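As structure tokens, the structure follows; a few thoughts come after it.
By convention in this document, chain letters (A, B, ...) are assigned in the order of the sequence lines, proteins followed by strands, and residues within each chain are numbered from 1. Nothing here was measured: the structure is a model prediction, and the numbers come from that model.
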Amino acid sequence: MYDHKDIERRWSLQWEKDNTYRTEDQTDGSKCYVLAMFPYPSGSGLHIGHARTYVGADIYARMKRMQGFHTLHPMGWDAFGLPAEGYALKNKKHPKETTEENIAVFKEQCMRLGLSYDWDREIATTDPAYYKWTQWIFLRLFEKRLAYESHEPVNWCPSCKTGLANEDLEGGRCERCGSAIEKKPIRQWMLKITDYADRLLDGLETLDGWSEYAKEVQRNWIGRSEGYRIPFAVPSCDYTISVFTTRPETLFGCSFVAISPESDHLQALLKDAENKDAVAAYCKQSEVLKVHEREKEITGVRLEGIVAKHPITNSEVPIFIADYVLAGHGTGAIFGCPAHDDRDFAFASLQKLPVVQVIEGDDDLPIVDVADDARLMHSGSYDGVLFEEAKDGIAADAGGERMVTYRLQDWVFARQRYWGEPIPLIHCSVCGVVPVPDEDLPVLLPEVASYEPSGTGESPLAAIDSWVNTTCPVCGGPGKRETNTMPQWAGSSWYHLRYIDPHNDHALVDKEKERYWMPVDRYIGGMEHATRHLIYARFWQKVLYDLGVVGTDEPYSVLRTVGIVQAEGGGKMSKRAGNVVDPVKIADTVGSDALRLYLMQMAPFNQTVAWDGNQIAGARRFLERVYAMKDRLSDDPVQGSLLKVQHQTAIAVTESIESGKYNTGVSALMVFSNALQKQIPQEAYCVLLRLLAPFAPFLTEEVWSFLGKKGSIHTESFPVGDQDIAKQGEVEVAVQVQGKVRGVVSVPRDASQEAVVALIAKHDALSERVSGRTVRVFVPNKIISYV
RNA sequence: GCCGAGGUGGCGAAAUUGGUAGACGCGCUGGUCUUAGGAACCAGUGGGGUAACCCGUGGAGGUUCAAGUCCUCUCCUCGGCACCA
């Protein structure tokens, strides 16, 4: 039994002392920027999911470093945000204090796991020297009019007492605490991410290093939808309702127009409606329903006394308010064609409106999925035209034009909470909203006695008069500071840049260094960030690119997502269920190396896995065997099949780390070690150690030093497998008769068909099998097939 | 409903991309050593059969000398989005 505690403690200290993992400031030669998504330093320490993510990233970085790449592999802390504040409130300590404590624990635990970070580049989003630049970016957004003030109702979490972005919701509930979200009109700062919707979409096409899945999730989130805007005049109000549709060909089947209860159209129409009160009551009620458990039932109320004109037939069309029409999509208004849409059909049934079929089809109405070759009917001059071909014509006849709409909404960027970056703006009664000059950054988050959320829609900062009251940087008159803070996602939207140049006080990042290190060559983290952090970070990167601050508009060229580690037997780990696996405890009992190896061995990196406490014994057993081998070394040369296996292993391990299928790399290492059990040439053993080093950094370093090698194994070169050697020697060719494998023959590599046939003839059982048969197919080194 | 990823031994999983299915590990069975073993080592381990053989990658068809892999249909599981017009 090797003493993992002793070994791991000693080498942790040694590496720190020797700066083994320091990244020098280089700007030439091959580089590799390996970044794992930094954690929010919670009070419960690293969890097993962190361990899986960071070990996977670390192994990659270690291999690249050994392969001679200038490798940047940093770590930091996403320390602002609601949970930090909640934790501090619970423990009755200032979030600054608890954050510092938690960071210290996380850092210690990272070291325990043998993660090869360059700690000189450690960052924390809560560090004023860091958030100075977060604020700086905000000012650039403000200058570009990408940040704007809004008083529109926003998603309000009554429990967290703050406004939230759409990205922070899950099915109408707060993603964090599960509370039902309300709509509340509070003063907000918004970022115009919708201006970048198309670029965020187009950029995905260039990201070959992202999984199709991750890209698809983002496409879904952005939700681009191409259609037409069609005008429906309402003569009595002197107003025109623009409706959005992707199916203008159904326009002749229109039997009503419906607008969202929250849409802007309402005001213009309401003044002439005869039932104002009923409409107002409906709107109020639907607002409540909409945000809570969404009613699947379609409801609506007619605007009495006014009608819209059908843009082609000029017939009168009733106008309704209906809550199945969304204000945020398209124009907030639709035309209803009950014959060819489920919801319009349901609504028409409810309101007893006519249903006119306009596309041919034999099914019962509504016919939603029409055949590709379906033709129009009841559509005036378009009767008999293929519906696809009628779209543009009908839209044009109706005076419509093309329009694109998105599911993505502007980013609600203000939080009415304490623990975040202050938004660096000043409100002046004379000059309006004025940015804090760059040279006055950072706007420090003030010390405060009570940082509990006020719940009034104002941040706790608003209560600090001495901080709020300041002078206007433009006119010198009295001004008040903006009291909202930024969301947690702000700091993480650009942190990949700061690691490159973490101590720079004069610029966000040095241009030359940025051009060298960016983009991130491998970004590793959880899929749950696909619709928030990854969208936000790509958005900011594009803005910074437009400003010339960075030289590339996509920050992460390769994205590897890590699968969730479930509890033993499946399901979510939770404190309540008592099935939480603590990586540090595992490291205590079997060692970090065994933990690392097991985490990688269990399944491909991106796959969900369930923890299995029994399997880890196999990893430890393997390491034990490797350790024991050090006392049985021989001076024999490495040759024959052993040399072959050695090169196969080097190829397999390299490939496995490169592809994220670490599990096959681990098994290749085990195969190699098994092959070495009878005879262990020192040379082969050293290759095994170097191939194993990224997975088990402590044990391999210990043995390396035991063997009297100078320097760290982690600065040695990574073994390169030779394809020719890996393939040399005999190969087994399968012998198939009538499609069934009947045996194998061992033949020299690239043996000809004649040679293989000759060998089979010498083989008693097989020669009988194939006698009288003819060779149908011969694939060298693989198979010979008789019929 | 739309989109994405998957279904392979008792379990986690491999499979050079159409060429010996189940590598590697866990577990299990037998053995060696030991005062002892929930340690170590050796051997075995998809199912059926004494055997030759037969069956086997969610299911049903198909293409092929050859299919886990390709095609058609179908059933489940997980994940994302969803009154999106």
task = Check every strand shown and say whether A:Asp342 touches a base, only sugar-phosphate, or nothing at a heavy-atom separation below 4.0 Å.
result =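 Nothing: the residue A:Asp342, judged by heavy atoms under 4.0 Å, touches no strand.
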Should [X] be listed as having a side-chain N or O under 4.0 Å from OP1 or OP2 of [N]?
{"X": "A:Asn674", "N": "B:rG25", "value": "yes"}
{"X": "A:Arg742", "N": "B:rA52", "value": "no"}
{"X": "A:Arg343", "N": "B:rC83", "value": "no"}
{"X": "A:Asn663", "N": "B:rA14", "value": "yes"}
{"X": "A:Arg407", "N": "B:rA82", "value": "yes"}
{"X": "A:Arg219", "N": "B:rC2", "value": "no"}
{"X": "A:Gln601", "N": "B:rG12", "value": "no"}
{"X": "A:Arg625", "N": "B:rC41", "value": "yes"}
{"X": "A:Lys782", "N": "B:rA15", "value": "no"}

task = Fit a plane to each ring of A:Phe256 and A:Phe320, take the angle between them on a 0 to 90° scale, and name the class: parallel (under 30°), tilted (30 to 60°) or perpendicular (over 60°).
result =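 Perpendicular: the ring planes of A:Phe256 and A:Phe320 meet at over 60°.
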inquiry  = Between A:Arg773 and A:Gln738, is there a side-chain heavy-atom distance shorter than 4.5 Å?
reply    =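 Yes, side chains in contact.
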ask   = Taking for each residue the nucleotide of RNA chain B with the nearest heavy atom, is it A:Asn614 or A:Arg247 whose nucleotide lies nearer the 5' end?
value =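 On the 5' side of the pair lies A:Asn614.
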task = Go through the side-chain N and O atoms of A:Asp410 and A:Thr194 and say whether any donor and acceptor fall under 3.5 Å apart.
result =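 Short answer, yes.
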